[in-house]
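The figures here come from the full heavy-atom set of this structure, side chains too, leaving out hydrogens, waters and symmetry mates. Below, chains carry the letters A, B, ... as their sequence lines are ordered, and counting in each starts from 1.
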There are 2 protein chains.
Amino acid sequence: MVLSKTVAENAEVGRTGILDAAALLLGRQGYGAVSLRMIAEAAGIKAGSIYYHFASKDDIITEILDAGIQAVHDEVRDRVAALSADAPARDVFRAVLRGHLCALLEHGAYTSANVRIFGQVPPEVRDANLPVRRAYEAFLDNQLSELQVRDAIRSDVNLPRFRLLLIGALNATLEWFDPQKGSAEDLADDYADTFLNGILSQSGDNT
Amino acid sequence: MVLSKTVAENAEVGRTGILDAAALLLGRQGYGAVSLRMIAEAAGIKAGSIYYHFASKDDIITEILDAGIQAVHDEVRDRVAALSADAPARDVFRAVLRGHLCALLEHGAYTSANVRIFGQVPPEVRDANLPVRRAYEAFLDNQLSELQVRDAIRSDVNLPRFRLLLIGALNATLEWFDPQKGSAEDLADDYADTFLNGILSQSGDNT
DNA sequence: TCACCTACCTAACACTTGTTAGGTGTCTGG
DNA sequence: CCAGACACCTAACAAGTGTTAGGTAGGTGA
């Protein structure tokens, strides 16, 4: 009975071992540079064995892409839910940025893999990832919309467009972020201030 | 003499024809998905012939990457230079964003190729592109620094970090921008307002 | 004990990749 | 008219790709 459990665990290790190795490699090297043989070696098995767990390379990619978005979505949702219902708008906005950046920069082979390779995968794989992606986008739009209804965000801000701006800026941090030069949370707070207040000295125009 | 000119022109068509075709394909499909045979076919020649003009595939990539950055740099520099010396800070900032976005979204197989494939190329190719990249970053930092000295940008704004935020947000537009839903210049002005003024309704905190 | 399932391995498949060697026709300056 | 440069082509190379068929060691339930 104990041993049968061990077998079941090993089964999970095998599968998730492949996914973990693949996510790590894909996040570092990109879609085209990572072969099944590299993934297999990193997972401690041989290339052909991958097909016991997955039907194709794109199958692995699809699963990693979905898990990547889901991890960010969950992290952001949890952080927002942890706030009291009447939390200041600034705190809600910060929670969103903190969740997204921490998931992306600190715990996230899958998340960073998603950001890095989404633009490189075949169209079919990209399409398979769209529902999960759309769900996260809808969640963000809802959060922003609530802030706008509460009159915290100006009514003339185009929310879907701002959401694209926001995600673009956040995801780009992956290319240069160095955890030794400051935490992801500090970076998130800094970004939040920039987005909320702008960079202008006064509201008026300076020559 | 006329014909000798024709030959020289054809030589240029051959070389730049390959570069143009490669930039277009790379911008659309990514580094790993584009083979020399695809580039050759798009340029109207055979794969082996490419080696008459270039020493390797990475040679082509390197040239395209450099040209891509240079095109944005030139466009932004020209637009800023076209302003009068005492132009309002808002206009300078808008000119920067307009130049970057127009180069990226409207005229720019090379530019969009650069943004799309830079993260996917081999390290050696990436390193070769760094000097041109650094020059553009330094130019942007100078422009922003001038605005900060003029007290248009708050002194507590970390400029290099803001530049990273800005470029990240601008480059991400490549993934969703649709010229039929509005011009790149309008988008640039909208982004400029968001960055300058922020999204907050009041400077105070709302519950 | 025996049949069976799980989780792997080996070896090969057809195919694509970047790259090279050598050949071909056309145009050109002398 | 001719040597030669120019701009291509053909055909092949070794290496690497995703993928598959068939085999195997060891634990499992009856």
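Taking B:Arg126 as the reference, nothing meets the side-chain hydrogen bond (donor to acceptor under 3.5 Å, both in side chains) condition, with sequence neighbours excluded. Residues passing the side-chain hydrogen bond (donor to acceptor under 3.5 Å, both in side chains) test with B:Asp59, sequence neighbours excluded: none. For B:Asp20, the side chain to side chain contact (heavy atoms under 4.5 Å, CB included) partners are B:Tyr110, not counting sequence neighbours.
Looking at B:Glu146 and B:Asn142, their side chains never bring a donor and an acceptor atom within 3.5 Å of each other.
Between the CG atom of A:Leu25 and the C1' atom of D:dT17 there is a distance of 16 Å, given to the nearest Å. In this structure, CD of B:Gln29 is placed 15 Å from C1' of C:dT16, rounded to the nearest angstrom. Per the geometry, CZ belonging to B:Phe54 stands 15 Å off C1' belonging to D:dC8, to the nearest Å.
Among the nucleotides C:dC8, D:dT19, C:dT19, the one closest to any side-chain atom of A:His53 is C:dC8.
Applying the side chain to side chain donor-acceptor pair (under 3.5 Å) rule to pairs touching residues 23-43 of chain A yields A:Tyr31-A:Asp58, sequence neighbours excluded. Under the salt bridge (charged side-chain N to carboxylate O under 4.0 Å, His left out) criterion, the residue pairs touching residues 99-119 of chain B are B:Arg116-B:Glu175, with sequence neighbours excluded. Applying the salt bridge (charged side-chain N to carboxylate O under 4.0 Å, His left out) test to pairs two or more places apart or on separate chains, those with a residue in residues 63-73 of chain A are A:Arg15-A:Glu63.
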Ignoring hydrogens and angles, write down the donor-acceptor pairs under 3.5 Å from the side chains of residues 130-139 of chain A, residues two or more places apart or on other chains.
from, atom 1, to, atom 2, distance (Å)
A:Arg133, NE, A:Asn129, OD1, 3.2
A:Arg133, NH2, A:Asn114, OD1, 2.7
A:Tyr136, OH, A:His100, ND1, 2.6

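Remark: B:Val34, B:Ser35, B:Leu36, B:Arg37 in residues 34-42 of chain B come within less than 4.0 Å of DNA chain C through at least one heavy atom. Listed by residue number, the members of residues 43-52 of chain A with any heavy atom below 4.0 angstrom from DNA chain D are A:Gly48, A:Tyr51.
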